[in-house]
Amino acid sequence: MRDVYWIGGGSGGGKSTVARALAPRSGLRVYATDDVMPDHARRCPPADCPCLARFAAMSMDERWLLRTPRTMFETFHWYRGEGFHLVEADLRGVGQPVVAEGFRLLPSLVRPLLTEPHRAVWLLPTPEFRRAAFEHRGSLWQIAGRTSDPERALANLLERDRMFTDRLRAETAELGLRVIEVDGSLTPDELTDAVAGALRL
C-alpha cells in the first residue's frame with residue numbers, strides 16, 4: 001500500500017472533485033470507491049455483509065422513512081466497513097500509484113494500511129455545504145424523490161450524513177489523522193491545493 005494516497009470524508013465534501021484534479025498533476029490513477037459499490041455489493045455474501053443484505057431487501061420507504069436517522073446511520077453497511085476487504089484487494093492489484101477516494105474509507109480501516117500518516121486526509125463538510133453541493137450537482141432528491149415522502153426522507157438522509165461526518169471527526173482525532181473542514185471558504189482549486197499539501201504531493 002505504499003503507492004496509495006487516501007481521501008476520505010463525508011458525502012458532498014469534494015472528494016471526487018479533488019481526486020480528479022489532483023491525479024493528473026501528481027501522476028496518480030483515481031480509484032473511486034463509489035464506482036465499485038455495485039460490483040462489491042454483488043460480490044459480498046450475506047455472511048460477510050449482513051447489513052447490506054438487509055438493506056437490499058428493503059423498500060425505499062423502509063430504508064429512508066420508516067427508520068430513524070440514528071438507526072440508518074448505525075446500520076448502513078458501508079459505514080460499518082462491510083465490503084472494505086474488496087476495496088483493499090482492488091488497491092493491491094492496481095500496480096501503479098493511486099489516489100483512492102470515497103466515504104467508504106473509514107479512518108479505523110485505513111490507518112493500519114498507511115505506510116505514513118500523511119498519506120491520508122478526510123474532508124469534513126458542514127451540513128450547509130453538503131446540501132448546497134447536492135443541489136449544485138442535481139442529486140439532492142435522487143434518493144429521497146423515490147420515496148412516498150421526499151421532504152422527510154431528505155431530512156433523514158441529511159441528518160444521517162451529519163452523524164457520519166461527526167463520527168469521522170471523532171475517529172480521525174482519536175487516531176491522529178489529518179482532516180480538512182469544508183465549509184465553502186475555499187474554492188475547488190484551493191481545496192485541491194490544501195489536500196495536496198496534506199498528502200505532501
Side-chain angles (χ1 to χ4, degrees), residues 1 4-13 15-16 19 29-95 98-114 119-125 130 134 139 141-148 152-172 174-175 177:
M1 292 293 182
V4 180
Y5 295 86
W6 311 79
I7 303 175
S11 297
K15 301 177 296 299
S16 299
R29 174 181 168 181
V30 175
Y31 175 84
T33 61
D34 282 11
D35 292 350
V36 296
M37 284 194 297
D39 175 61
H40 288 182
R42 286 191 297 269
R43 293 167 56 198
C44 201
D48 293 334
C49 298
C51 289
L52 170 59
R54 288 192 291 271
F55 184 82
M58 294 178 189
S59 69
M60 292 300 287
D61 278 10
E62 287 172 330
R63 291 176 183 178
W64 310 117
L65 291 176
L66 303 181
R67 304 184 301 160
T68 66
R70 172 62 62 181
T71 299
M72 294 176 191
F73 164 65
E74 292 177 347
T75 62
F76 190 54
H77 42 285
W78 304 134
Y79 290 175
R80 296 178 63 86
E82 292 186 353
F84 185 78
H85 65 288
L86 297 172
V87 171
E88 186 176 349
D90 287 349
L91 289 170
R92 291 192 186 280
V94 169
V98 61
V99 56
E101 64 88 6
F103 70 86
R104 294 174 64 191
L105 306 180
L106 306 181
S108 61
L109 299 178
V110 171
R111 183 64 183 88
L113 304 177
L114 293 177
R119 286 180 174 264
V121 65
W122 279 262
L123 306 184
L124 306 182
R130 176 182 295 109
F134 288 164
S139 62
W141 299 99
Q142 188 173 24
I143 294 174
R146 296 164 58 199
T147 71
S148 63
R152 184 157 64 93
L154 178 61
N156 288 340
L157 273 162
L158 292 174
E159 176 61 11
R160 182 205 65 161
D161 287 350
R162 183 198 64 77
M163 292 178 183
F164 179 60
T165 301
D166 286 349
R167 170 193 167 181
L168 293 177
R169 183 175 290 106
E171 201 170 280
T172 49
E174 182 180 348
L175 296 172
L177 297 169

Q. Taking the side chain as C-beta and beyond, is there a heavy-atom pair between F103 and D161 under 4.5 Å?
A. no

Q | Working for side-chain contact (heavy atoms from CB on, under 4.5 Å), residues W6 and L113 | A | CA-CA 10 Å; W6 311 79; L113 304 177; 3.8 Å; yes

Q. Out of N156, L65, L66, L154, which one pairs with T147 under the side chain to side chain contact (heavy atoms under 4.5 Å, CB included) rule?
A. L65

Q: Grab the two heavy atoms, one from T165 and one from G10, that are nearest each other, plus how far apart they are.
A: OG1-CA, 3.8 Å

Q. Would the number of heavy atoms belonging to other residues, nucleotides or ligands and lying under 6.0 Å from CZ of R146 be above 12?
A. no

**Q.** Qualifying ring pair (Phe, Tyr, Trp, His ring centres under 6.0 Å) pairs with a residue from residues 43-64, counting only residues at least two apart or across chains
**A.** F55-W64, F55-F76, F55-H77

Q: Report yes or no: does S59 contribute a side-chain atom to a donor-acceptor pair with the main-chain N or O of E62 at less than 3.5 Å?
A: yes

Q: Could you grab the distance from atom CD of E159 to atom OG1 of T68, nearest 0.5 Å is fine?
A: 9.5 Å

**Q.** Side chain proximity check, I7 to L123, heavy atoms < 4.5 angstrom
**A.** yes

Q. In chain order, what residues pass the salt bridge (charged side-chain N to carboxylate O under 4.0 Å, His left out) check against E171, with sequence neighbours excluded?
A. R167

Q: Would you check if the side chain of W78 reaches a backbone N or O of G83 as a donor-acceptor pair within less than 3.5 Å?
A: no

Q. If only atom types and distance count, is the side chain of R130 paired as donor or acceptor with the main-chain N or O of G13 below 3.5 Å?
A. no

Q.
Any non-hydrogen side-chain atom of D39 less than 4.5 Å from a side-chain atom of R42?
A. yes

Q. Would a 4.5 Å heavy-atom cut-off, applied to side chains only, mark L106 and F84 as touching?
A. no

Q. Considering only heavy atoms from C-beta outward, does the side chain of F134 approach that of L158 to under 4.5 Å?
A. yes

**Q.** NZ or CZ of R119 within 45° of Y5 ring axis and under 6.0 Å
**A.** yes

Q: Flag yes if more than 12 heavy atoms outside E174 fall under 6.0 Å of its CD atom; otherwise flag no.
A: no

Q. Got a second to check how far R104's CZ is from H40's NE2, nearest 0.5 Å?
A. 5.5 Å

Q. Taking the side chain as C-beta and beyond, is there a heavy-atom pair between L157 and I143 under 4.5 Å?
A. yes

